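I have a structure I would like to understand better, so I am pasting it below and will then ask my questions one at a time.
We name chains A, B, ... by the order of the sequence lines, and we start the count at 1 in each one. The structure presented is a predicted model; accordingly, all values stated were derived computationally and were not measured.
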Amino acid sequence: MGEVLRVENLHKSFGPNHVLKGIDLTVEKGQAVVLIGASGSGKSTLLRCVNFMEIPSDGRVWLNGEAVGRERNGKTEYREHSLIPIRTHVGMVFQHFNLFPHMTARQNVMEGPRTVLRLTRATCVKRAEKYLAKVGLSDKFDAYPAHLSGGQQQRVAIARALAMEPQLMLFDEVTSALDPELVGEVLRTLKDLASEGMTMVVVTHELGFAYSVADKVVFLHEGRIHEQGTPDEILVRPSQTRTRDFLRGHATFRLPEAQF
Amino acid sequence: MDRIWDFSSVFASRELLLVGLGNTVKLGVTCLVIGLTAGLFVGAARYSRNRLVNWPASAFVEVFRNTPALVQIMWFFFAFPIISPFNIDAFTAAALALSLNATAFCAEIYRGGIQSIERGQWDAAKAIGMSYSQQMRRIILPQAITRMVPAFMNRAVELMKMTSLASVIAFGELMHQGKAIATYNFNPIETFTVVALIFFVLIYPLALGVLRFEARLGRSQ
Amino acid sequence: MGYEWDFAVVLRDSDLLLLGLVNTLKVTILALVFGVPLGLGAALLRLSSNRLVRGLVGFLIEFFRSTPPIVQLFWFFFALPLLTGIEISPFGASVLTFSIQSSAFFAEVFRGGIVSIERGQWDAAKAIGMTRNQTLARIILPQAVTRMIPAFLERVIELMKTTTLVATVSYADLLYQANNIAQSTFRPLEVYTVAAVMYFAVLFPTSLGVRRLERHLARSGATTAH
């Protein structure tokens, strides 16, 4: 079966704040799924529930056909130590990079394989250099984050996630904190990954990117999936008014064939 | 050792402790008021461009910040009377030492607070024709004071703790009374426990206030 | 004013004063050796997810920060032996008191450093599967330590000043020696002045060093110095 991720009836509340209100989503192997929606619609929270950075309030998550957590008395229990293997199989890249500033690019990428996977030093070095090369940073192995541009830092962060050799990658608005001229290099890296068949879920406001890379576009509105489909169906011929309103708000996104 | 805690002998001496508490507060408040007032002038003097003004102020601050308060108290009690024209009792010696100590620390707080105000504020005040002292009084200090409040409260905490050092020169503050009671009744466990608790009740609200205020400042800025 | 200063009597006993200074530093260093790890432990417990542990450790820290060290010292020197039946020397009581007292302050320094690290660092470490302890040891503390250096060193200076209290329980530190010499020579003015100068000679260069380091760290952006 080619299903990498399945989410069923996912709910998440922070205190009185009900952010996710029953999400159902599946991601097939090799698919690139793009989540769009206004800020506060729950996109980031959904990502953070998939690798259990946040524990869902209700609903289930399956990774590679296996349910995460244990069912007990009608409630799902999550033990921290059982979530760690999950996180090693799901890579995540953040809006603000979150590189470890006291480590070089190479050390940043090695950290997971070394500390978590407990691979030998030599293997970790080789892996780190391989993935840094893959994101085009072969000349920056020994650079500290402070000496890298935003785009370079974000690519190191991508290499850091890739070095765990995950089955699924999550990208949380990875270009939102970048200067406009640096956005392109990071999107190109994502595009390459997608074309190599990496399974990924991407939260982004870059609708042009979504149009050209996504296999499926999902529009979130107020904690629910409002509409989903192919890029053409969602971005060009959306059936829902809310989706249309959202797209109209993105003045920079103008596809020649787009006509609302 | 099966010793039964017996607080009754401490309770019997409650009036001695109360006198001590009164003296502790008297010493602490005196030194705080003097420190806050004199500190402003010393702090301003350190800020002066005139070497004859800022150098002695700096020397004063460094000496009192970089010697132990206990040594200062003992110096003023045992050494200073020899060259002093007037008589010095235990309270005067302790009050002198701790006031000067507080002055030195407060001067630094004023200086730090004033320095934390952006240049633009001085410029803007100057641009509308304010004199230096107007700039300071109407624009800089009102902003700086809010930022200084936690540091001053911290100073008050440290100062209240320091008053206990006056027990060494037999000034009848709380710790000294405690020592007397403990020796007289041979009940150091109970007495020093009670003394510690009284100090805690006296000082902790201040420490808590610092945290509250810092949290509020943090939120508003 | 007619007073004739005479430092000769003090200089004659200068070796005693120097010995006293060494003893002061000995207490300071031992209090650091025990106080710093204890403080780190207390800071981690104060950040624990267990409410009870957090509350209890928090109270202990506040208690030792909000009571005068001389009261603590007298408690450990006079009261503790009666409670436990174990004799304790002035030196032992001093090291014990100042280790615990300074650990309460170090705990706050550590806690401040740890909470100053952005949430994103915890997130990133969690996302690659690190445990809480791994994250603390490999990601958070190495960054927090640089930021804590100024606050930490300021604490060391405070500790050095606080250790003069050992004179009140008759441990032969600098101030205690000064007391003795002042009494035997009838020259308290010179003796206490020299004692003060000796403390100043140790503490002032240390504070200058701290300030320089603070400025250096602030410039390199490694500290959140205020």
Side-chain angles (χ1 to χ4, degrees), chain B residues 1 3 5 24 62-72 74-85 112 116 147 151 157-158 160-165 167-168 174-175 178-179 182-183 186-193 195-208 211, chain C residues 1-3 5 24 59 62-86 157-158 160-165 167-168 174-175 178-179 182-183 186-193 195-208 226:
Chain B
M1 274 179 82
R3 209 195 127 100
W5 290 57
T24 293
E62 295 301 353
V63 165
F64 276 89
R65 276 166 52 101
N66 288 298
T67 48
L70 183 57
V71 174
Q72 294 162 10
M74 293 180 84
W75 193 90
F76 276 99
F77 188 67
F78 292 115
F80 186 58
I82 295 172
I83 47 171
S84 155
S116 78
R147 300 189 189 178
V157 168
E158 290 305 313
M160 287 315 283
K161 291 197 283 178
M162 278 181 193
T163 57
S164 63
L165 298 176
S167 64
V168 172
L174 194 51
M175 181 61 190
K179 265 159 61 177
T183 317
F186 201 64
N187 58 352
I189 304 179
E190 292 85 353
T191 306
F192 290 133
T193 305
V195 168
L197 286 174
I198 297 177
F199 270 113
F200 181 70
V201 170
L202 188 65
I203 293 170
Y204 184 60
L206 269 173
L208 208 61
L211 290 179
Chain C
M1 206 166 294
Y3 182 78
W5 295 75
T24 304
F59 175 77
E62 291 308 328
F63 191 83
F64 277 93
R65 277 161 51 95
S66 300
T67 48
I70 192 173
V71 181
Q72 298 162 9
L73 180 62
F74 272 58
W75 200 92
F76 279 108
F77 186 63
F78 292 109
L80 191 64
L82 291 175
L83 274 178
T84 59
I86 300 165
I157 291 173
E158 286 305 309
M160 241 193 253
K161 290 195 273 183
T162 312
T163 54
T164 46
L165 286 174
T168 61
L174 176 52
L175 193 56
N179 273 334
Q183 272 165 32
F186 303 105
R187 284 276 168 191
L189 184 59
E190 289 84 348
V191 175
Y192 284 113
T193 305
V197 167
M198 286 174 78
Y199 277 112
F200 185 75
V202 175
L203 290 166
F204 184 55
T206 317
S207 330
L208 281 185
H226 14 273

- Which heavy atom in B:P68 sits nearest to a heavy atom in C:T164, and how many Å separate them? CG-CG2, 3.3 Å
- Item | Ring geometry between C:F59 and B:F200 (parallel below 30°, tilted from 30 to 60°, perpendicular above 60°) | perpendicular
- Task: Compare every heavy atom of B:K161 with every heavy atom of C:R65, then report the nearest pair and how far apart it is.
- Result: O-NZ, 2.8 Å
- Item | C:L82 to B:P188 - nearest heavy-atom pair and separation | CD1-CG, 3.3 Å
- Okay, B:E158 and chain C: the region with an atom under 4.5 Å from a heavy atom over there is side chain
- Message: C:F78: which residues meet the ring-ring contact (aromatic ring centres under 6.0 Å, His included) condition with it, sequence neighbours left out?
- Response: C:F74
- Message: Need one label for B:A207: side chain, backbone, both or neither, based on atoms under 4.5 Å from any heavy atom in chain C.
- Response: side chain
- For chain C, which of B:S116, B:P81, B:S164 has the most heavy-atom pairs under 4.5 Å? B:S164
- Would you say the side chain of B:L208 lies within less than 4.5 Å of the side chain of C:E62, judging by non-hydrogen atoms? no
- Message: Applying side chain to side chain contact (heavy atoms under 4.5 Å, CB included), can you list everything that pairs with B:N66, at least two apart in sequence or on another chain?
- Response: B:E62, C:F200, C:L203, C:F204, C:S207, C:R211
- Query: Does any heavy atom of chain C fall under 4.5 Å from the side chain of B:T193, the backbone, both, or neither of them?
  - Reply: both
- Under 4.5 Å heavy-atom distance to chain B, tell me which part of C:L165 shows up: side chain, backbone, both or neither. both
- Message: Let me confirm one number: the CD1-CE distance from C:I70 to B:M162, rounded to the nearest 0.5 Å.
- Response: 12.5 Å
- Query: Which heavy-atom pair separates B:T67 from C:K161 by the least distance, and what is that distance?
  - Reply: O-CD, 3.6 Å
- Message: Measuring only between side-chain heavy atoms, which start at C-beta, is C:T67 closer than 4.5 Å to B:I203?
- Response: no
- Message: Contact between C:L189 and B:W75 at the side-chain level, heavy atoms closer than 4.5 Å - yes or no?
- Response: yes
- Query: Among B:F80, B:F77, B:F76, B:F78, which residue meets the ring-ring contact (aromatic ring centres under 6.0 Å, His included) test with C:Y192?
  - Reply: B:F78
- Pick one of side chain, backbone, both or neither for C:T193, based on which atoms fall under 4.5 Å of a heavy atom in chain B. both
- Item | Check against side chain to side chain contact (heavy atoms under 4.5 Å, CB included), C:N179 and B:M74 | CA-CA 9 Å; C:N179 273 334; B:M74 293 180 84; 3.0 Å; yes
